[in-house]
Number of protein chains: 2
Amino acid sequence: MTISDVAREAGVSVATVSKVVNGRYGVAAATAERVLQIVADLGYETSLVASSLRRSRTNVLGILLAGFDPFAAELLKGISAEAVGKGYELLAYSGAISDDNAVGWERRSLSRLGGTLIDGAIILTPTVSLQGASVPVISVDPHTGTSGSHIVDSDNVAGARTATRHLIDLGHRRIAHIRGRTDLESAHRREHGYRLSLEEAGIPFDPELVRDGGYRSAWSTDAARDLLTLPDRPTAIFAANDLSAFAVLQVAHELGLRVPHDLSVVGFDDIPEAASASPRLTTIAQPLQEMGARAVTMLLALLDGHDAETHVRLPARLVVRKSTGPAPQR
Amino acid sequence: MTISDVAREAGVSVATVSKVVNGRYGVAAATAERVLQIVADLGYETSLVASSLRRSRTNVLGILLAGFDPFAAELLKGISAEAVGKGYELLAYSGAISDDNAVGWERRSLSRLGGTLIDGAIILTPTVSLQGASVPVISVDPHTGTSGSHIVDSDNVAGARTATRHLIDLGHRRIAHIRGRTDLESAHRREHGYRLSLEEAGIPFDPELVRDGGYRSAWSTDAARDLLTLPDRPTAIFAANDLSAFAVLQVAHELGLRVPHDLSVVGFDDIPEAASASPRLTTIAQPLQEMGARAVTMLLALLDGHDAETHVRLPARLVVRKSTGPAPQR
DNA sequence: TTGAAAGCGCTAACAC
DNA sequence: GTGTTAGCGCTTTCAA
């Protein structure tokens with residue numbers, strides 16, 4: 001089912017069909033009507049691939065991501081809600097991730113789609129610089145600080161500070177931290193906020209209480225096990241994201257520690273699953289959907305040739321649920 | 001940055017570059033090495049659009065959806081998890097939805113991407129038949145019963161029956177139902193399950209207690225308001241999906257009705273937000289992530305030329321939370 | 001008002 | 001071992 005099929009059926013050239021389908025002028029009304037009728041009968045729809053190869057604009061917004069995890073899913077909801085009715089199609093693309101291409105996926109995806117398939121891109125948590133992209137790009141929660149493209153993120157330092165402060169206010173003194181992916185800016189900021197709060201409260205920083213979790217379940221499980229089997233184990237853990245916090249909850253359960261009676265846990269992100277964890281997770285909520293929406297706004301502005309803010313930073317807020325409580329008495 | 005740039009830089013023809021990049025035989029080792037070096041230097045990546053126009057296979061799986069709503073998001077998580085490491089790229093596509101193309105989006109999307117860009121498709125809640133698609137298709141929770149393509153869904157009748165039964169067991173007798181989208185098979189099945197349970201309990205069916213919610217927030221709000229301002233209002237509402245149930249919760253709150261003291265509410269789907277609703281929503285959980293995973297398995301089987309089950313139906317289960325309680329005494 | 005033809009970036013026969 | 005060439009489906013000059 002191609003444009004040639006339609007042309008043959010209508011007894012006109014493919015050029016004419018193309019004009020009719022795209023609403024160009026210079027076609028007799030009668031011809032146009034006949035072609036349109038055949039298009040409808042045959043259910044012809046112009047191939048996105050072929051037309052995008054030829055045209056410069058496609059009206060497709062690309063969302064480049066490493067996988068459809070809960071974080072990406074929330075952002076997508078916000079992106080989709082904001083983009084509806086604006087005349088753009090959405091194309092969320094996750095390249096085949098394997099170990100040997102785990103780094104640089106964002107540039108690879110951008111090269112593969114950019115220039116032709118998509119008019120612009122929103123890239124989630126890129127870790128490499130995206131200078132010289134062929135289309136406008138908005139980075140959400142990127143590694144590279146303010147370098148290069150336009151950025152949307154949330155206030156990670158303040159969020160982490162609030163989380164740690166919450167634990168301190170509950171009387172905790174031995175507060176551990178499970179780090180995020182050390183190649184991501186957000187992870188450093190969260191650790192920074194954690195250390196700031198300790199400092200403000202006059203609690204000496206203990207390097208032994210900080211472990212790598214890489215924002216990932218498996219690593220965080222190991223980290224949690226290490227921390228919770230320490231001779232003088234922490235009474236509270238601030239995990240760099242919710243996934244890590246879930247791992248902590250799991251390990252605590254295995255070790256027979258009651259949360260929050262024996263151990264308090266705070267996460268970061270407030271993915272929807274946080275509310276159904278057992279116990280329900282106290283965490284720092286990033287306004288993920290709003291971040292997605294803002295990214296769309298910025299991208300559309302860029303595509304319209306307007307300026308857009310270079311850096312939008314949204315506030316993160318503490319959501320107190322059931323995984324935090326007063327520090328156990330010694 | 002095209003294949004010609006690489007060819008020029010390497011002093012070879014584009015054909016040679018293509019061979020090297022795709023690992024074809026018939027290239028001198030030295031040449032291949034030089035080309036690979038230039039590819040790396042320039043950061044060249046073959047254009048998905050151009051190559052897919054020429055090739056028959058792209059190793060891209062399409063997921064066609066009407067928008068990134070919570071339902072789609074959960075399925076995507078399952079799809080993504082199952083597809084990882086299988087050598088396929090994922091491309092979730094949501095065409096521009098507006099009022100005049102609201103129906104038939106799935107066929108339009110399929111025509112636009114099919115045959116060239118994607119090797120196969122998973123389509124979420126299609127409402128029209130997809131006969132004669134150019135690529136293998138798996139439908140998730142479709143309208144058209146068993147017609148045409150391969151199907152994954154959950155047991156809507158049993159789920160609705162369980163939900164209604166749960167309310168009956170709590171002593172409710174005036175149990176209302178807010179219907180789903182009447183063009184969707186699932187909506188009919190849920191209503192059927194509701195009526196089955198009433199019948200089993202010997203409760204006469206009252207047409208006045210059934211309203212259209214269309215699986216949508218706005219309509220459901222109206223429906224809930226109608227039901228709850230009835231002279232003899234229901235003591236329980238079974239909503240056809242969680243979004244509708246949220247609308248009920250909202251209206252109940254506005255009217256000063258306490259849930260579950262004055263009114264019990266059950267939803268359907270168990271999207272993550274259900275656990276954080278206030279009060280936390282009792283609902284029927286569809287195994288959305290598993291449904292997504294199964295769809296991938298089936299599609300990959302089809303793509304490998306194997307057979308796949310024509311219809312996979314997964315069980316739905318009751319998740320009791322805080323929005324249901326004993327019927328109020330008269 | 002219409003159609004012929006070039007070309008977007010790439011791959012695959014086939015010729016050299 | 002390498003290059004030439006045709007062509008995937010479409011849009012867009014440009015000539016008829």
Side-chain angles (χ1 to χ4, degrees), chain A residues 1-36 38-39 42-60 108 110-119 134-135, chain B residues 1-36 38-39 42-60 108 110-119 134-135:
Chain A
M1 172 57 37
T2 71
I3 198 173
S4 325
D5 297 326
V6 177
R8 190 177 332 106
E9 191 77 13
V12 297
S13 72
V14 294
T16 300
V17 175
S18 175
K19 282 175 199 157
V20 171
V21 167
N22 293 295
R24 298 274 181 281
Y25 292 107
V27 179
T31 311
E33 194 177 343
R34 183 155 41 92
V35 170
L36 249 18
I38 304 223
V39 164
L42 265 47
Y44 166 77
E45 202 64 40
T46 130
S47 157
L48 176 60
V49 170
S51 70
S52 81
L53 190 56
R54 198 63 179 72
R55 297 185 122 142
S56 47
R57 266 212 150 197
T58 57
N59 278 318
V60 176
R108 201 168 2 256
L110 198 52
S111 308
R112 261 169 93 62
L113 306 185
T116 43
L117 231 205
I118 58 180
D119 289 347
S134 50
V135 294
Chain B
M1 171 58 36
T2 72
I3 198 172
S4 324
D5 297 326
V6 177
R8 190 175 335 105
E9 192 76 12
V12 296
S13 72
V14 294
T16 301
V17 176
S18 175
K19 282 175 199 155
V20 171
V21 167
N22 293 294
R24 297 274 182 282
Y25 292 107
V27 179
T31 310
E33 194 176 344
R34 183 155 41 92
V35 170
L36 248 18
I38 303 218
V39 164
L42 265 47
Y44 166 77
E45 203 63 41
T46 128
S47 157
L48 176 60
V49 170
S51 72
S52 81
L53 189 56
R54 198 63 182 70
R55 298 186 118 137
S56 46
R57 266 210 149 199
T58 57
N59 279 317
V60 176
R108 200 166 5 254
L110 198 51
S111 307
R112 262 169 90 63
L113 307 185
T116 43
L117 232 206
I118 58 180
D119 289 347
S134 50
V135 293

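Letters A, B, ... mirror the listed sequences (proteins, then strands); counts begin at 1. Note: hydrogens, waters and symmetry copies are ignored here, and every other heavy atom, side chains too, is used.
Regarding contacts with the backbone of dG9(D), every side-chain N or O of S47(A) stays at 4.0 angstrom or more from both OP1 and OP2. Within the structure, a side-chain polar atom (N or O) of S18(A) is placed less than 4.0 Å from OP1 or OP2 of dT11(D). The side chain of R24(A) contributes an N or O atom lying less than 4.0 Å from OP1 or OP2 of dT12(D). Between Y25(B) and the phosphate of dT2(D), there is no side-chain N or O to OP1/OP2 separation shorter than 4.0 Å. Phosphate proximity of dG3(C) to T16(A): present, with a side-chain N or O under 4.0 Å from OP1 or OP2.
In this entry the distance linking CZ of R34(A) with P of dT2(C) reads 8 Å, nearest Å. In this structure, L113(A) atom CG and dC8(C) atom P are separated by 20 Å, rounded to whole Å. What separates CG of L117(B) from C1' of dC10(D) is a distance of 14 Å, to the nearest Å. The interatomic distance linking E33(B) (CD) with dG1(D) (P) rounds to 15 Å, in whole Å. Regarding R112(B), its CZ atom lies at a distance of 12 Å from the C1' atom of dC10(D), rounded to whole Å. Following rounding to the nearest Å, I3(B) (CD1) and dG7(C) (P) show an atom-to-atom distance of 18 Å. As a whole-Å value, the separation of Y44(B) OH from dG9(C) C1' is 7 Å. Distance, L53(B) CG to dC10(D) C1': 8 Å, rounded to whole Å.
Both G26(A) and V14(A) sit near DNA chain C, but only G26(A) has its closest nucleotide nearer the 5' end. Across the interface with DNA chain D, nearest-nucleotide mapping of R54(B) and A28(B) shows A28(B) to be the residue nearer the 5′ end.
Out of dT11(D), dC10(D), dT11(C), the shortest distance to the side chain of R55(B) is found at dT11(C). Comparing dT11(C), dC10(D), dT4(D) by their closest approach to the side chain of A15(B) singles out dT4(D). When the nucleotides dG9(C), dT11(D), dG1(D) are ranked by their closest atom to the side chain of S51(A), dT11(D) comes out on top. Each of dT2(D), dC10(C), dG9(D) was ranked by its minimum atom distance to the side chain of A50(A); first place goes to dG9(D).
Looking at every heavy atom in both residues, A50(B) comes nearest to L53(A) through CB-CD1, 4.1 Å. Annotation for V20(A) and V27(A): closest pair CG2-CG1, 3.8 Å, computed over non-hydrogen atoms. When all heavy atoms of V60(B) and L48(B) are compared, the closest pair comes out as CG2-CD1, 4.0 Å. Between S52(B) and V49(A), the shortest heavy-atom contact is OG-CG1, 3.6 Å. Minimum heavy-atom separation, V17(A) to V12(A): CG2-CG2, 3.7 Å.
Not a single donor-acceptor pair under 3.5 Å links the side chain of R112(B) to the backbone N or O of L110(B).
Side chain K19(A) to base dG3(C): a donor-acceptor pair is found below 3.5 Å.
Rotation axes derived from the C1' atoms of the five outermost pairs at either end of the helix from dT1(C)-dA16(D) to dC16(C)-dG1(D) lie 50° apart, to the nearest 10°.
The residue V12(B) sits close only to the backbone: its heavy atoms come under 4.0 Å of sugar-phosphate atoms, none of a base. Across all strands, T31(A) comes closer than 4.0 Å only to sugar-phosphate atoms, never to a base (heavy-atom distances).
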Item to check | Pair V35(B)-E33(B), side chain to side chain contact (heavy atoms under 4.5 Å, CB included): steps then yes or no | outcome: CA-CA 5 Å; V35(B) 170; E33(B) 194 176 344; over 6 Å; no
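Within the model, atoms OG of S18(B) and CZ of R54(B) stand 10.0 Å from one another, a figure rounded to the nearest 0.5 Å.
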